[in-house]
Asker: 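Below you'll find the structure I mean.
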Amino acid sequence: MECAASLVINKINVTMVFPEAHCMARLLTPKIASYYEEYYKSRGVKFIKGTVLSSFDFDSNGKVTDVTLRDGTKLSVDMVVVGIRIRPNTGLFEGQLTLEKGGIKVNGMFQSSNSSVYAIGDVAAFPVKAFGEKRRLEHVDSARKSAKHAVSSIMEPDKTGEFDYIPFFYSRVFTLSWQFYGDNAGEVVYYGDLSASGSTFGAYWVNKGHVVGAFLEGGTREEYEAIAKTTTLRPAVEDLTELERQGLGFAVAVSQKPVALPPPIEVSGSTSGLLLEKPLYAWHATAGVVLAASIAAFAYFYGKRRRRW
């Protein structure tokens with residue numbers, strides 16, 4: 001989809017061929033996919049669905065001239081871009097590491113079944129706490145964050161907790177921009193206008209009475225942050241009709257609710273039974289700033305006096 005958009009922007013005629021009934025079938029629902037397909041069509045992109053390429057024709061110089069599809073359709077072309085998809089190459093580790101979900105099984109620290117071997121990115125099947133299962137995610141955001149967490153696990157294992165990640169996908173094409181968080185499982189609740197080009201719209205996925213996924217097209221930074229936080233909190237939903245009525249406002253309201261503070265922490269070894277709560281840290285920080293400013297001011301005036309002497 002992104003490649004096609006870039007080609008069209010560069011004034012190249014594009015025909016997209018794919019075997020599914022709609023674009024990005026692994027993530028998007030037919031209703032959401034239809035919006036993007038119609039937008040692409042308005043920019044001149046042609047779609048041929050439900051089939052794949054079966055052969056190529058070349059001229060005497062070896063340049064492709066035509067492609068034949070499995071259904072017999074023949075297309076004249078100057079260039080072909082083939083999306084071949086990927087499969088993690090785990091053959092090197094068979095019989096040495098435990099494999100799962102098509103990748104290398106790791107724990108929340110990204111350690112494999114051999115604790116000295118770490119796996120990150122597309123090849124790692126790691127526990128996703130929000131869903132209570134291991135998953136393998138193929139996205140740059142997951143790759144970057146899993147790498148950072150693995151390094152922290154190696155360098156500071158005592159200070160590093162288990163990886164807690166909400167699946168995240170995004171794309172920016174033409175003047176469009178969408179973000180998706182969580183899981184596309186359960187019932188889908190749409191909101192916004194999916195018929196108007198350039199509009200803001202989205203959807204929630206509700207599974208077992210909780211929001212587990214959220215999609216938004218055309219949102220602001222604050223609105224994207226709201227759906228991300230909502231998916232992380234997994235709020236309960238009793239009335240899907242009311243959720244549809246509230247739309248994006250539901251996520252905004254959930255994200256603005258104060259998060260309950262953890263219970264007080266008792267300092268070990270304390271003889272006075274002193275309890276410390278997080279709000280005290282802000283007071284300590286303020287006191288520290290005041291003290292530092294006082295010392296700086298004293299040093300400044302003392303320095304001026306020394307220069308006068």
Side-chain angles (χ1 to χ4, degrees), residues 1-3 24 26-28 83-172 177-185 205 207 210-216 221-222 224-235 251 255 259-263 265 268 278 281:
M1 295 292 282
E2 293 170 340
C3 183
M24 297 186 65
R26 291 175 62 188
L27 178 64
L28 303 183
I84 61 173
R85 303 180 69 173
I86 66 103
R87 182 174 65 248
N89 185 2
T90 58
L92 176 65
F93 309 105
E94 289 181 3
Q96 301 185 74
L97 302 177
T98 301
L99 305 181
E100 187 175 312
K101 301 287 179 74
I104 299 171
K105 181 180 179 180
V106 297
N107 60 19
M109 308 291 276
F110 289 97
Q111 291 174 297
S112 68
S113 53
N114 180 333
S115 61
S116 64
V117 177
Y118 293 72
I120 61 172
D122 294 5
V123 78
F126 64 91
V128 179
K129 289 185 177 182
F131 307 141
E133 64 180 28
K134 284 187 170 60
R135 293 197 179 184
R136 204 175 49 75
L137 299 177
E138 300 168 0
H139 196 267
V140 63
D141 184 71
S142 171
R144 289 170 176 164
K145 291 178 180 176
S146 63
K148 183 177 180 180
H149 197 87
V151 170
S152 179
S153 299
I154 294 168
M155 302 301 292
E156 298 182 307
D158 296 334
K159 298 180 181 180
T160 305
E162 293 193 345
F163 193 55
D164 193 2
Y165 181 76
I166 292 291
F168 167 55
F169 302 94
Y170 69 90
S171 185
R172 291 184 291 271
S177 176
W178 60 261
Q179 293 186 15
F180 172 87
Y181 292 88
D183 193 15
N184 56 347
W205 279 260
N207 193 23
H210 292 268
V211 173
V212 297
F215 174 95
L216 178 61
R221 179 179 177 178
E222 292 74 18
Y224 285 129
E225 290 175 352
I227 67 167
K229 186 173 181 180
T230 299
T231 307
T232 302
L233 295 174
R234 301 177 73 244
S255 67
V259 179
L261 291 173
I265 303 172
S268 59
K278 283 191 174 182
Y281 297 146

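Here, residue 1 is the first one in the sequence, and each next residue gets the next number.
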Asker: For the pair Thr98 (side chain) and Ser113 (backbone), establish whether a donor and an acceptor sit closer than 3.5 Å, ignoring hydrogens and angles.
Answerer: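 No; zero donor-acceptor contacts below 3.5 Å.
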Asker: Of the non-hydrogen atoms in His210 and Arg234, which two are nearest, and what is the gap between them?
Answerer: ND1-O, 3.0 Å
Asker: Is a side-chain N or O of Thr160 found less than 3.5 angstrom from the main chain of Ser152, in a donor-acceptor match?
Answerer: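 Yes, because the side chain of Thr160 sits within donor-acceptor range (under 3.5 Å) of the backbone of Ser152.
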Asker: Applying ring pair (Phe, Tyr, Trp, His ring centres under 6.0 Å), can you list everything that pairs with Phe126, at least two apart in sequence or on another chain?
Answerer: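 Residues passing ring pair (Phe, Tyr, Trp, His ring centres under 6.0 Å) with Phe126: Phe110, Phe163.
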Asker: State whether the side chain of Ser146 and the backbone N or O of Ile120 hold a donor-acceptor pair below 3.5 Å, judged by distance alone.
Answerer: no
Asker: Where is the tightest heavy-atom contact between Ile227 and Phe215, given as atom of each residue plus distance?
Answerer: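 For Ile227 versus Phe215, the nearest heavy atoms are CD1-C, 4.3 Å.
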Asker: Are the side chain of His149 and the backbone N or O of Gly161 linked by a donor-acceptor pair below 3.5 Å?
Answerer: yes
Asker: So, using side-chain hydrogen bond (donor to acceptor under 3.5 Å, both in side chains) as the criterion, who are the partners of Thr90 when residues are at least two apart?
Answerer: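 Once residues adjacent in sequence are excluded, Thr90 has no partner under the side-chain hydrogen bond (donor to acceptor under 3.5 Å, both in side chains) criterion.
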Asker: Going through the checks in order, is the side chain to side chain donor-acceptor pair (under 3.5 Å) test met by Asn114 and Ser112?
Answerer: CA-CA 5 Å; Asn114 180 333; Ser112 68; 5.5 Å; no
Asker: Does the side chain to side chain donor-acceptor pair (under 3.5 Å) test come out yes or no for Ser255 and Glu225, once each step is laid out?
Answerer: CA-CA 8 Å; Ser255 67; Glu225 290 175 352; over 6 Å; no
Asker: Kindly say whether Arg26 contributes a backbone atom to a donor-acceptor pair with the side chain of Asn184 at under 3.5 angstrom?
Answerer: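 Confirmed, Asn184 side chain pairs with Arg26 backbone.
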Asker: Can you name the nearest heavy-atom pair linking Tyr165 to Leu137, along with the distance?
Answerer: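 Scanning both residues, the minimum pair turns out to be CE2-CD1, 3.6 Å.
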Asker: Can you check whether Asp183 reaches Arg135 side chain to side chain, under 4.5 Å on heavy atoms?
Answerer: yes
Asker: Kindly say whether Phe169 contributes a backbone atom to a donor-acceptor pair with the side chain of His139 at under 3.5 angstrom?
Answerer: no
Asker: For the NZ atom on Lys101, are there more than 12 heavy atoms of other groups (residues, nucleotides or ligands in this structure) within a distance under 6.0 Å?
Answerer: yes
Asker: Testing the basics here: between Ser171 and Glu2, what is the closest heavy-atom pair and its distance to 0.1 Å?
Answerer: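 It is OG-OE2, 2.7 Å.
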Asker: Going by the rule salt bridge (Lys or Arg N to Asp or Glu O under 4.0 Å), which residues pair with Asp141 if we only count those two or more places apart in sequence or in a different chain?
Answerer: Lys145
Asker: Would the distance check show the side chain of Arg136 and the main-chain N or O of Asp122 forming a donor-acceptor pair, the cut-off being under 3.5 Å?
Answerer: yes
Asker: Where is the tightest heavy-atom contact between Ser177 and Tyr224, given as atom of each residue plus distance?
Answerer: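 Taking Ser177 first and Tyr224 second, the nearest heavy atoms are O-OH, 2.8 Å.
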